[in-house]
Novice: 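Okay, here's the structure, questions in a sec.
Nothing fancy with the numbering, it's 1 onward along the sequence.
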Amino acid sequence: MFEVGVARTFHALHQLETEDPSASHEHSHDYRAEVVARGERLDQNGMLLDLDALGAALTACLTELDAADLGTLAAFEGQETTVEAVAEHIWSHVRDLLAAPTAVLGLRVTVYESADAWASVNRPLLERTPS
């Protein structure tokens, strides 16, 4: 299995509705988002996926999130803005933006809200099958 990935950083504000006073106040994070594409075959150029295309998809997604109050974004309407929800949003958005070749079988998105706290979404791209 081959894996290629890119990472970007962004800063965002959020507030959780929780009984934990340390998390229920409005606060911000310097997030780091990593996106990894995986597949079993390389293309004729010896690549699984063009890293510039993967980076562009991640950058486009993070443009919406950077310097934003996550709770005010339509993407998070009706849900908590947990690091898990942020990772899920990025996974879906990158999947939709990426014109991935059929060799890409899945994506993993990991979002760090600090150096030692993170969440990941790791799913296959079911609608794409290797040819």
Novice: With a 4.5 Å cut-off on side-chain heavy atoms, are H11 and D66 touching?
Specialist: yes
Novice: Of all heavy-atom pairs between L65 and H89, which one has the smallest distance, and what is that distance?
Specialist: CD2-CD2, 4.0 Å
Novice: Counting C-beta onward and ignoring hydrogens, is there a side-chain heavy-atom pair between V121 and L107 closer than 4.5 Å?
Specialist: no
Novice: Which residue is it: T110, V83, V111? I am looking for the one with a side-chain contact (heavy atoms from CB on, under 4.5 Å) to W118.
Specialist: T110
Novice: What's the spacing between R38 CZ and F2 CZ if we round to 0.5 Å?
Specialist: 14.5 Å
Novice: Membership question, hydrophobic clusters at under 4.5 Å side-chain separation (ILVMFWY): are V36 and V104 in the same one?
Specialist: no
Novice: Is there side-chain contact between D30 and T9, with at least one heavy-atom pair below 4.5 Å?
Specialist: no
Novice: Is a side-chain N or O of D50 found less than 3.5 angstrom from the main chain of D52, in a donor-acceptor match?
Specialist: yes
Novice: Please report the C-alpha distance between E84 and T82 in whole Å, then the side-chain angles of each, then the deciding distance to 0.1 Å, and finally whether the side-chain hydrogen bond (donor to acceptor under 3.5 Å, both in side chains) criterion is met.
Specialist: CA-CA 5 Å; E84 295 90 345; T82 62; 3.2 Å; yes
Novice: Can you measure from CZ (R123) to OG (S92) and round to the nearest 0.5 angstrom?
Specialist: 6.5 Å
Novice: If Ile, Leu, Val, Met, Phe, Trp and Tyr residues are connected whenever their side-chain heavy atoms lie under 4.5 Å apart, and connections chain through other members, are L73 and L13 in the same group?
Specialist: no
Novice: Go through it in stages, so that I can follow the logic: the residues are R8 and T59, the test is side-chain hydrogen bond (donor to acceptor under 3.5 Å, both in side chains), and I'd like the CA-CA distance, side-chain angles, deciding distance and then a yes or no.
Specialist: CA-CA 7 Å; R8 303 284 188 272; T59 297; 3.1 Å; yes
Novice: Are any of the side-chain heavy atoms of L49 and L98 separated by less than 4.5 Å?
Specialist: yes
Novice: What's the shortest heavy-atom distance between A75 and E64, and which atoms?
Specialist: CB-OE2, 3.9 Å
Novice: Step by step, work out the side chain to side chain contact (heavy atoms under 4.5 Å, CB included) result for I90 and L62.
Specialist: CA-CA 8 Å; I90 293 170; L62 297 186; 3.8 Å; yes
Novice: Please name the pair of heavy atoms, one in L42 and one in L48, separated by the smallest distance, quoted to 0.1 Å.
Specialist: CD2-N, 3.5 Å
Novice: Measuring only between side-chain heavy atoms, which start at C-beta, is H29 closer than 4.5 Å to Y112?
Specialist: no
Novice: Measure across A119 and A87 and return the closest heavy-atom pair with its distance rounded to 0.1 Å.
Specialist: O-CB, 4.0 Å
Novice: If Ile, Leu, Val, Met, Phe, Trp and Tyr residues are connected whenever their side-chain heavy atoms lie under 4.5 Å apart, and connections chain through other members, are L54 and M47 in the same group?
Specialist: no
Novice: Quick check: do H27 and H14 have side-chain heavy atoms less than 4.5 Å from each other?
Specialist: yes
Novice: Grab the two heavy atoms, one from T81 and one from V86, that are nearest each other, plus how far apart they are.
Specialist: O-CG2, 4.4 Å
Novice: Which heavy atom of Q79 sits nearest to which heavy atom of A85, and what is that distance?
Specialist: OE1-CB, 3.7 Å
Novice: Describe, in one word, how the ring planes of F10 and Y31 are oriented to each other, choosing from parallel (under 30°), tilted (30 to 60°) and perpendicular (over 60°).
Specialist: parallel
